[in-house]
Amino acid sequence: QVQLVESGGGLVQPGSSLRLSCAVSGLTSDYHAIGWFRQAPWRAREGISCINLSDDSTYYKDSVKGRFTISRDNARNMVYLQMSSLKLEDTALYYCAAGSPPDGSSWLWGTGFRSWGQGTQVTVSS
């Protein structure tokens, strides 16, 4: 059974940095990617970043390019999301998910992700 547990969220000021962690266990060979998603109150869930488990290629939502970096540590079964220059609009519940998204940009909507963590709250406030 695939399990994903997020941690690292918190309350930070605009311009700050934060690193989210996702502990992954139980992955099987039919899982090809790990993604980070977020959902703010009264807004739809959106994809933030995704990493391909075969070749470590990475993908980002346009609004976080240059500010967020996804990475993984295979030895520790961890996936990270390093966030910098945080903005008020980055406030959301952040989730990691595992699955096999199709090629293209549909991963942004969570297509192909079938195992999800419980989320960690990130609040950016002055």
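To the nearest 0.5 Å, atoms SG (Cys50) and NZ (Lys61) are separated by 14.0 Å.
By the rule that hydrophobic residues join a cluster once side-chain heavy atoms approach within less than 4.5 Å of another member, Leu93 and Leu86 end up as members of separate clusters. Under a hydrophobic clustering in which Ile, Leu, Val, Met, Phe, Trp and Tyr are joined whenever their side-chain heavy atoms come within less than 4.5 Å, directly or via other members, Trp36 and Val2 fall into the same cluster. Met78 and Ile70 sit in two unconnected hydrophobic clusters of ILVMFWY residues. Membership requires side-chain heavy atoms under 4.5 Å apart, directly or through other members. Residues Val64 and Tyr94 fall within the same hydrophobic cluster, defined by Ile, Leu, Val, Met, Phe, Trp and Tyr side chains chained together at heavy-atom separations under 4.5 Å. Tyr80 and Ile34 fall into different hydrophobic clusters, where Ile, Leu, Val, Met, Phe, Trp and Tyr side chains are chained together by heavy-atom contacts under 4.5 Å.
Heavy atoms only, all atoms of each residue included: Leu81 and Ile48 are closest at CD2-CG2, 4.2 Å. The two residues Ser85 and Asp90 have their closest heavy-atom pair at O-OD2, 4.4 Å. Summarising the geometry of Ser16 relative to Gln13, their closest heavy-atom pair is OG-O, 2.8 Å, with the distance given to 0.1 Å. Summarising the geometry of Leu27 relative to Ala98, their closest heavy-atom pair is CD2-CB, 3.9 Å, with the distance given to 0.1 Å.
Here the side chain of Gln82 pairs no donor or acceptor atom with the backbone of Phe68 at under 3.5 angstrom. With hydrogens and angles disregarded, a donor-acceptor distance shorter than 3.5 Å links the side chain of Arg72 to the backbone of Leu53. Between the Arg67 side chain and the Ser63 main chain, a donor and an acceptor come within less than 3.5 Å of each other. Side-chain atoms of Thr120 do not come within 3.5 Å of backbone N or O of Ser7 as any donor-acceptor pair.
Counting heavy atoms from C-beta outward, Val122 and Met83 have side chains that approach closer than 4.5 Å. Here the side chains of Leu88 and Pro14 are in contact, with some heavy-atom distance below 4.5 Å. For the pair Glu46/Gln39, no side-chain contact is recorded, criterion being any heavy-atom separation below 4.5 Å from C-beta on. No side-chain heavy atom of Ser49 sits under 4.5 Å from any side-chain heavy atom of Tyr59. Taking the side chain as every heavy atom from C-beta outward, Thr91 and Gln121 approach each other to under 4.5 Å.
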Which is it for Glu6 and Cys96 under the side chain to side chain contact (heavy atoms under 4.5 Å, CB included) test, yes or no, and what are the steps along the way? CA-CA 7 Å; Glu6 304 92 339; Cys96 61; 3.5 Å; yes

In sequence, state the C-alpha distance, the side-chain angles, and the governing distance for Cys22 and Val5, and then conclude on side chain to side chain contact (heavy atoms under 4.5 Å, CB included). CA-CA 5 Å; Cys22 175; Val5 180; over 6 Å; no

Less than 3.5 Å apart, which donor and acceptor atoms pair up between the side chains of residues 107-119 and the rest of the protein, not counting sequence neighbours?
from	atom 1	to	atom 2	distance (Å)
Thr111	OG1	Ser106	O	3.2
Arg114	NH2	Asp30	O	3.3
Arg114	NH2	Asp30	OD2	2.8
Ser115	OG	Tyr31	OH	3.0
Trp116	NE1	Phe113	O	3.3

